[in-house]
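Quick note on labels: first sequence line is chain A, next is B, and so on, each numbered from 1. Predicted model, so just to flag it, every value in this text is computed and none were measured.
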Amino acid sequence: MKNIIYKKINKACRQAIDEGKFPPMDIPENFLVEIPKEEKHGDFSTNIAMILAPLLKKNPREVGKIIIDMLGQGDKEISKIELAGPGFINFFMEDAFWHSCLKDVIRQGDNYGRLALGRDKKVQVEFVSANPTGPLHIGHGRGAAVGDVVANILDWAGYDVTREYYINDAGEQMRTLGLSTLVRYKQLLGKEIELPEKCYQGDYIKNIAQEIIDKKGETLLTVSDEENLPFFTKYTADTILDIIKDDLKGFGVEFDTWYSENTLFEDPDGEKSPVEKVVDWMREKNFVYESEGALWLRAAAFGDDKDRVVRKGTGAYTYLASDIAYHKEKFERGFERIVNVWGADHHGYVSRLRSAIKAMKLPDEALDVILIQLVNLKKGDEMISMSTRSGQFLPLTDLIKDVGSDAARFFFLMRSSDAQFDFDVDLAKKQSSDNPVYYIQYAHARICSIFRQAEERMGEKPSPQTANLALLKLPEELRLIKKISEFTGLVERMAVRLEPHLVPHYLNEIASELHSYYKKHRVLGEDNAITNARLALLGGIRLTIKNSLKILGVSAPESM
RNA sequence: GCGCCUGUAGCUCAGCUGGAUAGAGCAACGGACUUCUAAUCCGUAGGCCAGAGGUUCGAAUCCUCUCAGGCGCACCA
């Protein structure tokens, strides 16, 4: 929408240069076209004159006048252009322009909001990626909601999106996990033995231990810990991963690929493992060096604070090593844009990973890392931080049970990712009736209800396609059309900036306008032509709400 | 010590790559159901945009410093 105005302005400037009103110059690209907050400032507004003024050494209003002269000739879509304030140029559009916008929305239907911006470029969104050491808690829920919706946004913007979960199933923590279950197993069978502090304390470990007892009985008591551990580890990890998959399913999140970190350390056919190959290659390229018995990445040369260990003196690889191999692989799989949704507690790794990518001569600008600030759980006056190891956390499934998947997703997505927030569970429960998500869903249901009513009265389905939209003249009606016309621009902006929290705010604005309009004006009236036009408007609103909710992964009920 | 995020109404938060008189929800207060769903609407009140400088036509937004909260700076995972 704004692009239309942007182009008109560009053309006007070129014309001014051709006619000698402006000296020959490149037209700056950084001027803005925006929708003014105040309606009296028009439908669109630009600051072009104030951008040009210093370049031309003229006063902004003078520049503005020249541009308006160039613009103002016989444009049927624009009713008025004015110069205002310090040098803004305000555009007032003809009603017919908005009517044709609405027609466009209706024509596009369920695809309204879809863009070709991404040109089918392959993009990967990696998110959640929680260690398979426990059920997901509400902190993971936030990451799941954000990642899923970012993926949706990119999909709507025209990218070819792959959702991936990176399973951290390698390393020391897996041993600890197996040990946790083993100890619980022994305890349940009457052994006096304490659970080490480093072990996972949650009850789910006990459940898994009980499962093993049910299947294998006491037989494993006679086996040594060393022999037992691999089985306990694998059994526990597999079981927990299944739990995680169920948790996510209940939250409406589905992944295309589950990528196991372990496979990066496996060496099929006696070949070297992917990690080893990458390390060899980096050694060849002199991106790494030996020192003090360890292997170091020259990270400092590529923007990190200092060099980082890739392989320890013990011969074991660090987390960074597998991460390098993993991300190299992402590029090799053909992704042109890579989005990682990480918890803020990992932010120390961003520059490390980025420097590794640069070292590998891969395009690090293709990588976006969204850091999700931590979620604290507020219960009364008590604040509990989400931590798997302490066993003190609110499982995501419990939250969903309490407030529902729709409300949970909506809550997580209302806030920008880089603001931490305290999830007040009591409030979320209590709010079930005046929760913002219901406000919006109700707007959708309300429109559906009107359509049902209309069908009953007219004895046939309303046909918005044939409505005479020129009958939509009320300020509220035009305002609503303008609001839903912003949707494509919103999707575009979110795809560029990866800011899903804009959707809930946008939806709230639409719902508010709709409810207000509903109260003030009747849709189903005596005049069939007006009724039809208003139904067309409502149809467009309903589409916009429905498609927005679809992006959020929140349901759009037809009645409530 | 260094780096990143945050600080906006009583509470939870929006505020776009600087734009015109700083917004919403909840809470508070006062109104509106004989009509398409009152899970709604209308109105009132609420602000030193943490603080101090700077940049310019113009700053909640950009820069510097200070304060406060969170997170990170491993041969941990």
Asks: Under 5.5 Å between ring centres and under 30° between planes: does that hold for A/Tyr439 against the base of B/A39?
Replies: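 A/Tyr439 vs B/A39: stacking no.
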
Asks: Students often get this wrong, so: under 4.0 angstrom with heavy atoms, is A/His521 touching a base, only sugar-phosphate, or nothing?
Replies: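 Base contact.
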
Asks: NA contact type, A/Gly171, heavy-atom cut-off 4.0 Å: base, sugar-phosphate, or nothing?
Replies: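 Here A/Gly171 touches the backbone only, sparing every base.
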
Asks: Toward the 5' end of RNA chain B, which comes first, A/Phe31 or A/Asp307, by nearest nucleotide?
Replies: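 Its nearest nucleotide lies further toward 5', so the answer is A/Phe31.
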
Asks: Report the base-pairing partner of B/C41 (Watson-Crick or G-U wobble, both distances below 3.5 angstrom), or none.
Replies: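 Partner of B/C41: B/G31.
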
Asks: Both distances under 3.5 Å, Watson-Crick or G-U wobble: report the partner of B/A9, or none.
Replies: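 Across any shown strand, B/A9 pairs with none.
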
Asks: Can you check each nucleotide of nucleotides 68-73 of chain B against protein heavy atoms at under 4.0 Å and return B for base, S for sugar-phosphate only, - for none, in 5' to 3' order?
Replies: -BSBSS

Asks: What is the distance, rounded to the nearest whole Å, between atom CD of A/Glu456 and atom P of B/C36?
Replies: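 Rounding to the nearest Å, CD of A/Glu456 and P of B/C36 are 12 Å apart.
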
Asks: Considering every strand and a 4.0 Å limit on heavy-atom distances, what is the contact class for A/Glu499: base, sugar-phosphate, or nothing?
Replies: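 Counting heavy atoms under 4.0 Å across all strands, no contact is made by A/Glu499.
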
Asks: Distance check, C1' atoms only: B/G47 and B/A38, in whole angstrom units.
Replies: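 Their C1' atoms lie roughly 32 Å apart.
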
Asks: If you look at every strand shown and take non-hydrogen atoms under 4.0 Å, does A/Asn90 touch a base, only sugar-phosphate, or nothing?
Replies: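 Counting heavy atoms under 4.0 Å across all strands, the contact made by A/Asn90 includes a base.
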
Asks: Reckon A/His41 touches a base, only the sugar-phosphate, or nothing at all at heavy-atom distances under 4.0 Å?
Replies: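 Touches a base.
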
Asks: Would you say the base of B/A74 and the side-chain of A/Thr318 have a donor-acceptor pair closer than 3.5 Å?
Replies: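 Side chain to base: no pair below 3.5 Å.
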
Asks: Report which part of the nucleic acid A/Ala53 touches: base, sugar-phosphate, or nothing (heavy-atom distance under 4.0 Å, all strands).
Replies: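 Nothing, no heavy atom under 4.0 Å.
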
Asks: Where the side chain of A/His501 is defined as all heavy atoms beyond and including C-beta, which of B/A14, B/A32, B/U12 is the nearest nucleotide?
Replies: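 Comparing B/A14, B/A32, B/U12 against the side chain of A/His501, the answer is B/A14.
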
Asks: Rounding to the closest angstrom, what is the interatomic distance between B/G10 and B/A45 at atom P?
Replies: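 Going atom to atom, P in each nucleotide, I get 15 Å.
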
Asks: Give one of base, sugar-phosphate or nothing for A/Ser516, where a contact means two heavy atoms less than 4.0 Å apart.
Replies: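 Sugar-phosphate: the residue A/Ser516, judged by heavy atoms under 4.0 Å, touches backbone atoms but no base.
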
Asks: Spell out yes or no: do the side chain of A/Arg493 and the base of B/C16 have one donor N/O and one acceptor N/O closer than 3.5 Å?
Replies: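 Checked by distance alone, the answer is yes.
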
Asks: Tell whether A/Asn47 reaches the base of B/A20 with its side chain through a donor-acceptor pair below 3.5 angstrom.
Replies: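 No pair found.
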
Asks: Would B/C65 be called syn or anti, given that syn covers angles within 90° of 0?
Replies: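 Because its glycosidic torsion lies more than 90° from 0, B/C65 adopts the anti conformation.
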
Asks: Does a sphere of radius 6.0 Å around NZ in A/Lys65 hold more than 12 heavy atoms from other residues, nucleotides or ligands, not counting ones at 6.0 Å or beyond?
Replies: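 Counting neighbours around NZ of A/Lys65, 12 or fewer heavy atoms of other residues, nucleotides or ligands fall under 6.0 Å, so no.
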
Asks: Within the structure shown, what part of the strands sits under 4.0 Å from A/Ser351 by heavy-atom distance: base, sugar-phosphate, or nothing?
Replies: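 No contact.
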
Asks: On RNA chain B, compare the nucleotides closest to A/Ala419 and A/Met174; which residue's is nearer the 5' end?
Replies: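 Closer to the 5' end of RNA chain B: A/Ala419.
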
Asks: What's the gap between B/A27 and B/U12 when it is taken at their C1' atoms, as a whole Å value?
Replies: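 That atom pair is separated by 11 Å.
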
Asks: The side chain of A/Ser45 is closest to which nucleotide in this list: B/C36, B/A32, B/A20?
Replies: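 Within the option list, the nearest is B/A20.
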
Asks: Please evaluate residues A/Tyr166 and A/Asn340 with respect to the criterion side chain to side chain donor-acceptor pair (under 3.5 Å), reporting the C-alpha separation (whole Å), side-chain torsions for both, the decisive distance (0.1 Å), and the verdict.
Replies: CA-CA 10 Å; A/Tyr166 182 60; A/Asn340 291 353; over 6 Å; no

Asks: Give the rounded distance in Å between these two atoms: CE of A/Met494 and P of B/A14.
Replies: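 After rounding, the reported distance stands at 15 Å.
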
Asks: Please work out if A/Met50 contacts a base, only the sugar-phosphate, or nothing of the nucleic acid, heavy-atom cut-off 4.0 Å.
Replies: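 Base contact.
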
